[in-house]
Amino acid sequence: MTCASPSIKYLSLFSGIGGFEHGLLRVKPDAVCVGFSEIAVCASLVYQRQWPKARSYGDVRGITRWSVLQELKPKVFVLENINTISDRDLLKIGRTLRCGCVQVDACHFTSQSRPRLFWTNASARIPPVMRVGPAFESMLDEELSPKEILNEH
């Protein structure tokens, strides 16, 4: 019996405790993390506990995305980062990777606004944004205003 290879092998940078991975695994349950980078010690420990076979690259400042891409030689990549990158760096990254980026805000999926930038060499149709859970507003007590809720505690 031959084992099938995973549909996706990925490297996670700025990994936190692995929130992106949980979302990815909902879509691609056989995806495999080959490595991660996280600077916060507690977050890194949580990550390692969830994905013990993933190699830790430590602090992302000690590696370059380009060297990791060259080392792993992926057919397809997705890079994610915060949206506070300068225009100059956005152009440099785009030229190096030979692709543009798209901004996605978590507010379309959760109650938190957290804009992120994503780069990929994959060609795919981006579906319209859909909420996967209840809107934050629907969880609020209708009898209290947000100001009253904050003052109550």
Side-chain angles (χ1 to χ4, degrees), residues 1-86 89-90 93-94 96-141 146 149-150 153:
M1 183 173 170
T2 307
C3 293
S5 62
S7 64
I8 295 177
K9 290 181 182 179
Y10 64 94
L11 172 70
S12 177
L13 302 178
F14 310 99
S15 306
I17 62 171
F20 172 79
E21 285 74 3
H22 284 289
L24 176 62
L25 291 172
R26 288 179 71 184
V27 177
K28 295 285 187 182
D30 59 343
V32 173
C33 180
V34 296
F36 73 100
S37 174
E38 177 52 51
I39 191 171
V41 175
C42 291
S44 183
L45 291 172
V46 170
Y47 194 97
Q48 287 176 318
R49 198 151 197 199
Q50 295 183 82
W51 293 278
K53 294 180 181 179
R55 174 183 169 191
S56 174
Y57 282 86
D59 187 344
V60 75
R61 292 175 290 192
I63 60 173
T64 67
R65 292 180 181 126
W66 330 127
S67 65
V68 170
L69 286 173
Q70 289 171 343
E71 177 186 335
L72 297 176
K73 295 179 178 42
K75 291 178 186 173
V76 177
F77 65 83
V78 177
L79 295 177
E80 175 267 341
N81 206 341
I82 58 175
N83 71 336
T84 57
I85 297 173
S86 71
D89 287 341
L90 277 174
I93 292 169
T96 303
L97 298 176
R98 291 188 223 137
C99 65
C101 69
V102 63
Q103 180 175 302
V104 178
D105 193 327
C107 73
H108 298 294
F109 309 99
T110 69
S111 60
Q112 182 183 27
S113 176
R114 195 166 187 193
R116 297 301 225 208
L117 298 174
F118 291 86
W119 292 263
T120 184
N121 65 342
S123 57
R125 186 181 67 79
I126 299 173
V129 174
M130 299 180 344
R131 287 196 178 270
V132 293
F136 179 68
E137 298 82 26
S138 70
M139 297 180 224
L140 296 177
D141 187 337
I149 292 170
L150 291 174
H153 299 285

* Can you measure from CD (Q112) to CG (D105) and round to the nearest 0.5 angstrom? =>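 CG of D105 is found 9.0 Å from CD of Q112.
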Do you know the tightest heavy-atom contact between [X] and [Y]?
X	Y	value
C107	S113	CB-CA, 3.9 Å
L90	C101	CD2-SG, 4.0 Å
Y10	A31	CE2-CB, 4.0 Å
E38	S44	CG-N, 3.9 Å

* Asked: Does S37 reach the main-chain N or O of F14 with its side chain, forming a donor-acceptor pair under 3.5 Å?
  ->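 Answer holds: no.
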* Quick one: does Q103's side chain have a donor or acceptor within less than 3.5 Å of a partner on P115's backbone? ->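 The answer is no, because no donor-acceptor pair under 3.5 Å joins these two groups.
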* More than 12 foreign heavy atoms under 6.0 Å from CG of L117: is that the case here? ->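 Counting other residues, nucleotides and ligands, CG of L117 exceeds 12 neighbours.
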Return the set of residues passing side-chain hydrogen bond (donor to acceptor under 3.5 Å, both in side chains) with [X] (not counting sequence neighbours), or none when no residue passes.
X	value
R55	Y57, E71
Q48	none
T84	none
N121	none

* Could I get the full list of ring-ring contact (aromatic ring centres under 6.0 Å, His included) partners for Y47, not counting sequence neighbours? =>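 Here the qualifying residues are F36, W51.
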So which pairs with a foot in [range] pass salt bridge (charged side-chain N to carboxylate O under 4.0 Å, His left out), sequence neighbours left out?
range	answer
residues 40-51	none
residues 110-119	E80-R116
residues 10-21	none

